[in-house]
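For the numbers below, each heavy atom of this structure counts, side chains included, while hydrogens, waters and symmetry mates do not. A, B, ... follow the sequence lines: proteins, then strands. Residue 1 opens every chain.
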There are 2 protein chains.
Amino acid sequence: MEHKPTIEDVAKLANVSIATVSRVINNQGGVRKATEERILKAIEELGYIRSAVARSMKRKETYTIGVIVPDIKNPFFPLVISGIEQKAREKGYYTILSSTNESPIVEEEIVKIFIERGVDGVIITTANEDGDHIKLLQEQGIPVVAVDRAIKRFDVDTVLVDNVNGAYLAVRHLILQGHKKIAIICGPQETTPGYERFLGYKKALEEYNIPLDESMVKQGDFMEASGYKATQELFTLKEKPTAIFSSNNLMTIGCLKALMDLDWKLGEEVSFIGFDDVDIATFIKPKLSVVSRPMTNLGEIAFQLLYERIHFKENLPKRKYLLSPELKIRESCRLGNLIF
Amino acid sequence: MEHKPTIEDVAKLANVSIATVSRVINNQGGVRKATEERILKAIEELGYIRSAVARSMKRKETYTIGVIVPDIKNPFFPLVISGIEQKAREKGYYTILSSTNESPIVEEEIVKIFIERGVDGVIITTANEDGDHIKLLQEQGIPVVAVDRAIKRFDVDTVLVDNVNGAYLAVRHLILQGHKKIAIICGPQETTPGYERFLGYKKALEEYNIPLDESMVKQGDFMEASGYKATQELFTLKEKPTAIFSSNNLMTIGCLKALMDLDWKLGEEVSFIGFDDVDIATFIKPKLSVVSRPMTNLGEIAFQLLYERIHFKENLPKRKYLLSPELKIRESCRLGNLIF
DNA sequence: ATGAAAGCGCTAACAT
DNA sequence: ATGTTAGCGCTTTCAT
């Protein structure tokens, strides 16, 4: 092809002005049937496809939303993305996706690029809740929706899971089974999920008057290796925990691997509940009890919020969604007293 | 903000022409140090961010690549995407991502939108290897790279895994262990991976003079449920298989679940090898033997091919990469004769 | 119902 | 080293 057909080529072939062609391709009406048909035929004939770039240029909107996640390899995020992408496409929006690998620096770069590209909105699970980069977005008037992790210093629409309650339910369950020495493998305390899940853990202990034992609290970073390490450390304690609560899916995997390697019998010598369901949960014996979240749903709601914000910018209060996680009791927690 | 600062605002504030500003923001050199600094200061002051849309309009390139996958929830794809996205970002490209849910209709829609949006290239795992929609891309001169599934009717750069060989290695291993009644859970035969893995299965059987037994061949669709169903059917056979080869990860999961439900003892009563590693592989007892592919690598290579094609369109032969899968023997296949 | 024309923000060729 | 200017392909008044 010599040069891609433009609206002008169509106009010429159909013997009308470009304005009329524009009316037709945008279904604006006010065009005589016959004319419209002539134009449609010309479009067909030339294989004309309108340029979204030129259109965006003029209209100042790209029908593109930016999605930023910390780690696309964590199975949690593809599910969230799936929810976003699905709903977005229904509304004619497409998503440009980037994964930061938990790097605030990369995240800031990405934000800048997204601004350059004129995204109509951003859905983000930030690697830096305290960061200043969200300000850039706000200055440009670009709506932001935070998913799974809050944004601390700026007021944005947010859809979170009730982490405190999720962790609370899990730990309470353990307590009610008779456990007293319950360990937690924490996520980073500077992230909402990491901090809140620890909060839920403490809340349950307090409620049942179990003093917090520092040796039962292990710091992790939401990555598999840290779950492994934490479990090893727990195992070396003279007073081992009789139950473990892991703060996320990847650390659960690490923990499980350590359990196997240490020959520390899951469900017998040590009970377990993890935050987030994992594929393996129903395969291992005993089956894993977990706190499960509605991930695709999280994404769908996030897009919905963003969509509303894009279209009714001014007169909308900031909204905070808090989805309830669900405790799925399977087989990995036995009665605590059986152990003694 | 009243209106977003443009290159013109910067020019005015710095007392230069927009051409000079353009030179600076594109690092083209040929600008006096002092002038450059003045411009940089103006940019800073105004919080100017250049519009990628306007730039794309002029340059006829968007630095955006379209990525189309059939099912983002299949853990295989996030890993591929991760490889693509990583490499792309390094080169200044961003990815617009869409998942077709294996629908050719959705896929064609997406292709059209991607063309409208002027993507510089497309990386696709198609849901329709026979489809005509790739032609649209080619007509526009948009480079295409096929990943994991070939494109039949058009000549594009391709990066595949050697499915035949992967399946062959797995089945041969089973045969060498003494198995003769080896079942296969197939993927859709109209997809390259589905067909080729069946080919590898047949090749191994032939090589060892084991006649193909139709009752050992179950059709699946790469989804979990079909793996479950196939396994159930296999179990009802009067002559049960002594080994099963599953053609992909999700069907492996389904198969495993069925095995548990049927109390059909993995590794004892029935050996198993699956195509594609799965998270659970090393968690279940016995550990799963699998054919494993370099997924992130697949994505990296795909982007590399696309990148080269974008920049050296004309004078590049079509390339076909065939990555070798690796047989990971763990514990799920025992000697076949032990069974008798 | 249709057309003429301005202009979105930038790049690049050409001039100075 | 810097400026002038002509588009890129569209949408959108404002005329007719």
Side-chain angles (χ1 to χ4, degrees), chain A residues 1-40 42-43 46-64 113 115-120 140-141, chain B residues 1-40 42-43 46-63 92 113 115-120 140-141:
Chain A
M1 77 243 71
E2 307 69 35
H3 97 125
K4 281 187 200 160
T6 71
I7 197 172
E8 211 177 324
D9 300 318
V10 176
K12 233 169 255 165
L13 184 58
N15 241 295
V16 293
S17 75
I18 58 170
T20 306
V21 177
S22 176
R23 284 183 191 106
V24 169
I25 60 185
N26 290 298
N27 290 310
Q28 293 180 173
V31 177
R32 213 181 328 190
K33 201 84 189 164
T35 316
E36 170 160 358
E37 268 158 25
R38 211 154 14 102
I39 292 174
L40 258 18
I43 287 176
L46 293 171
Y48 167 75
I49 298 181
R50 80 141 145 28
S51 155
V53 174
R55 171 180 240 249
S56 293
M57 175 99 192
K58 190 73 212 188
R59 306 244 297 220
K60 264 94 204 59
E61 56 187 0
T62 54
Y63 273 75
T64 302
I113 300 282
I115 294 174
E116 272 196 26
R117 298 192 164 220
V119 296
D120 294 344
Q140 306 296 320
Chain B
M1 74 246 68
E2 305 73 29
H3 95 126
K4 281 186 200 161
T6 72
I7 197 173
E8 209 176 327
D9 300 319
V10 175
K12 232 169 256 164
L13 184 59
N15 242 296
V16 292
S17 76
I18 59 169
T20 307
V21 177
S22 177
R23 285 184 189 105
V24 169
I25 59 186
N26 290 298
N27 291 309
Q28 295 182 173
V31 176
R32 210 179 335 191
K33 200 87 191 163
T35 316
E36 170 162 357
E37 268 159 23
R38 211 151 16 98
I39 292 173
L40 258 18
I43 287 175
L46 293 170
Y48 167 75
I49 298 181
R50 84 142 144 23
S51 156
V53 174
R55 171 181 240 250
S56 294
M57 176 96 190
K58 187 75 210 182
R59 306 241 300 216
K60 264 91 204 60
E61 55 185 2
T62 54
Y63 274 74
I113 300 283
I115 293 173
E116 272 196 27
R117 296 188 165 223
V119 296
D120 294 344
Q140 306 296 320

| note | Bounded by its outermost nucleotides with an atom under 4.0 Å from a heavy atom of chain A, the footprint on DNA chain C reads C:dA1 to C:dG9
| request: Specify the closest pair of heavy atoms between B:Glu8 and B:Ile18, including all atoms of both residues, with the distance to one decimal. | output: CA-CG2, 3.8 Å
| request: Quick one: label A:Thr35 by what it contacts on the DNA or RNA (base, sugar-phosphate, nothing), any heavy atom closer than 4.0 Å. | output: sugar-phosphate
| field | Phosphate contact (D:dT2 OP1 or OP2) by B:Ser17 side-chain N/O below 4.0 Å | value | no
| Taking all non-hydrogen atoms of both residues, which atom of A:Gln140 and which atom of B:Gly47 are closest, and how far apart? | NE2-O, 4.5 Å
| remark: Under a 4.0 Å heavy-atom criterion, the protein footprint on nucleotides 11-16 of chain D, written with B, S and -, is BB----
| request: Round to the nearest Å and state the distance from A:Glu8 atom CD to D:dC10 atom P. | output: 9 Å
| request: Mind running side-chain contact (heavy atoms from CB on, under 4.5 Å) on A:Lys4 and A:Ile49 for me, showing each step along the way? | output: CA-CA 9 Å; A:Lys4 281 187 200 160; A:Ile49 298 181; over 6 Å; no
| task | Identify whether any heavy atom of A:Val53 sits under 4.0 Å from a base atom; if not, whether one sits that close to sugar-phosphate; answer base, sugar-phosphate or nothing. | result | nothing
| request: Apply the test side-chain contact (heavy atoms from CB on, under 4.5 Å) to residues B:Arg38 and B:Asn15: give CA-CA distance (whole Å), side-chain angles for both, the deciding distance (0.1 Å), then the verdict. | output: CA-CA 9 Å; B:Arg38 211 151 16 98; B:Asn15 242 296; 3.9 Å; yes
| remark: Heavy atoms of B:Ala54 and A:Met57 approach each other most closely as CA-SD, 3.5 Å
| task | Answer yes or no: is there a side-chain heavy-atom contact under 4.5 Å between B:Thr35 and B:Ile39? | result | yes
| said: Between B:Ile7 and B:Ile25, is the side-chain contact (heavy atoms from CB on, under 4.5 Å) condition met? List the steps. | reply: CA-CA 10 Å; B:Ile7 197 173; B:Ile25 59 186; 4.2 Å; yes
| Contacts of type ring pair (Phe, Tyr, Trp, His ring centres under 6.0 Å), residue A:Tyr48, not counting sequence neighbours | none
